[in-house]
Colleague: 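Quick one: the structure is below, questions incoming.
None of the values given here were measured: they were computed from a predicted structure.
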Amino acid sequence: LEEPDRISNTREAEDYCMSILAGERTERFYVICLNARCNVVGRRKISEGSLSEVSAYPRMVMETALNYNAHSVFFCHNHPGGTCAPSSEDIASTLQLQRLLGGVGIMVLDHMIIAGANAYSMAQHGDIEFGARGRKA
């Protein structure tokens, strides 16, 4: 799968995440790195978990964003056996990553959760503040 040149809206991000996570039977967590023009400059699978959980290792997330010289990032992971609604742990870890990356000037644009043909955008649902520097209003 070739990475798209540009991801400029939520629908394109959903499609991109669905293409990477389609058919996966265990939870996986990805970081997608973008430059200032919203061009994908890289992606990395941070971890692969079980049927119901996956870790988002802050050190690996930070390393990935810095190695790709990312202006911004978004995250995605899947819920292979359930709903795409985030758990309280999903939201808490995303806010922690948003604070961490915001401290070095990297924006977290969104965190997509994929469950089958459904997608959930934390930014669209107000779980994280789009472009925030680690603070939820």
Side-chain angles (χ1 to χ4, degrees):
L1 178 70
E2 283 190 32
E3 293 175 335
D5 292 332
R6 184 173 168 85
I7 295 178
S8 57
N9 59 53
T10 301
R11 185 71 205 148
E12 289 173 359
E14 287 175 5
D15 291 344
Y16 184 81
C17 294
M18 284 184 182
S19 73
I20 350 178
L21 294 166
E24 296 297 345
R25 302 182 88 194
T26 57
E27 287 198 22
R28 294 168 189 231
F29 183 91
Y30 281 86
V31 175
I32 294 85
C33 299
L34 307 169
N35 64 19
R37 293 184 178 158
C38 294
N39 295 320
V40 174
V41 292
R43 76 171 186 228
R44 181 178 182 192
K45 180 174 70 173
I46 298 299
S47 62
E48 183 172 345
S50 67
L51 293 172
S52 60
E53 65 183 6
V54 67
S55 295
Y57 301 111
R59 182 182 178 105
M60 291 178 72
V61 170
M62 175 70 84
E63 177 185 288
T64 300
L66 292 173
N67 283 343
Y68 282 109
N69 198 28
H71 172 270
S72 57
V73 298
F74 67 93
F75 311 125
C76 65
H77 82 279
N78 59 326
H79 287 173
T83 176
C84 55
S87 66
S88 57
E89 292 84 11
D90 290 337
I91 295 169
S93 66
T94 303
L95 291 171
Q96 177 191 18
L97 292 170
Q98 193 173 40
R99 282 189 298 276
L100 176 71
L101 294 171
V104 294
I106 300 171
M107 286 190 297
V108 173
L109 301 177
D110 207 342
H111 183 159
M112 294 284 175
I113 301 174
I114 306 299
N118 298 311
Y120 182 98
S121 161
M122 286 191 187
Q124 278 195 327
H125 286 89
D127 299 317
I128 62 172
E129 188 176 326
F130 173 79
R133 295 273 187 229
R135 292 193 191 131
K136 187 175 175 189

Colleague: In Å and rounded to the nearest 0.5 Å, what is the CZ to CE distance from Phe74 to Met112?
Modeller: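 So the CZ of Phe74 and the CE of Met112 are separated by 7.0 Å.
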Colleague: Can you check whether Ser55's main-chain N or O pairs, donor with acceptor, with Ser47's side chain at less than 3.5 Å?
Modeller: yes
Colleague: Do Val104 and Met62 have side-chain heavy atoms sitting under 4.5 Å apart?
Modeller: yes
Colleague: Without swapping roles, check the side chain of Asp110 against the backbone of Ala123 for a donor-acceptor pair under 3.5 Å.
Modeller: yes
Colleague: Taking the side chain as C-beta and beyond, is there a heavy-atom pair between Ile114 and Glu24 under 4.5 Å?
Modeller: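 Counting from C-beta outward, Ile114 and Glu24 never come under 4.5 Å.
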Colleague: Show, in sequence, the C-alpha distance, side-chain angles and deciding distance for Val73 and Cys33, and conclude whether the side-chain contact (heavy atoms from CB on, under 4.5 Å) test is met.
Modeller: CA-CA 5 Å; Val73 298; Cys33 299; 4.1 Å; yes
Colleague: Please say which of Leu97, Leu101, Val61 ends up in a side-chain contact (heavy atoms from CB on, under 4.5 Å) with Val31.
Modeller: Val61
Colleague: Once the angle between the rings of Phe29 and His111 is folded into 0 to 90°, is it parallel (under 30°), tilted (30 to 60°) or perpendicular (over 60°)?
Modeller: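 Perpendicular.
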Colleague: Hey, could you give me the CD/OH distance between Glu63 and Tyr57, rounded to the nearest 0.5 Å?
Modeller: 14.0 Å
Colleague: Assess, by modelled atom type and distance only, whether the side chains of Ser8 and Glu12 contain a donor and an acceptor separated by less than 3.5 Å.
Modeller: yes
Colleague: To the nearest 0.5 Å, how far apart are CD in Glu27 and CD in Glu48?
Modeller: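 These two atoms lie 10.5 Å from each other.
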Colleague: Does any part of the side chain of His79, heavy atoms only, come nearer than 4.5 Å to the side chain of Asp90, both counted from C-beta?
Modeller: yes
Colleague: What's the separation between atom CD in Glu89 and atom CD in Gln96, rounded to the nearest 0.5 Å?
Modeller: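 One finds 12.5 Å between CD of Glu89 and CD of Gln96.
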Colleague: Do Tyr16 and Arg43 get their side chains close enough for a donor-acceptor pair, meaning under 3.5 Å?
Modeller: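 Arg43 and Tyr16 do have a side-chain donor-acceptor pair below 3.5 Å.
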Colleague: Taking CG in Asn67 as the centre, count heavy atoms belonging to other residues, nucleotides or ligands within less than 6.0 Å. Is the count above 12?
Modeller: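 Yes, the 6.0 Å shell around CG holds more than 12 heavy atoms from other groups.
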Colleague: Run Leu34 and Leu109 through side-chain contact (heavy atoms from CB on, under 4.5 Å) and show every step you take.
Modeller: CA-CA 10 Å; Leu34 307 169; Leu109 301 177; 3.6 Å; yes
Colleague: Could you go through Leu66 and Ile106, starting from their C-alpha distance and side-chain angles, then the distance that decides it, and tell me whether this counts as side-chain contact (heavy atoms from CB on, under 4.5 Å)?
Modeller: CA-CA 9 Å; Leu66 292 173; Ile106 300 171; 4.1 Å; yes
Colleague: List the steps, then state whether side-chain contact (heavy atoms from CB on, under 4.5 Å) holds for Thr94 with Asp127.
Modeller: CA-CA 9 Å; Thr94 303; Asp127 299 317; over 6 Å; no
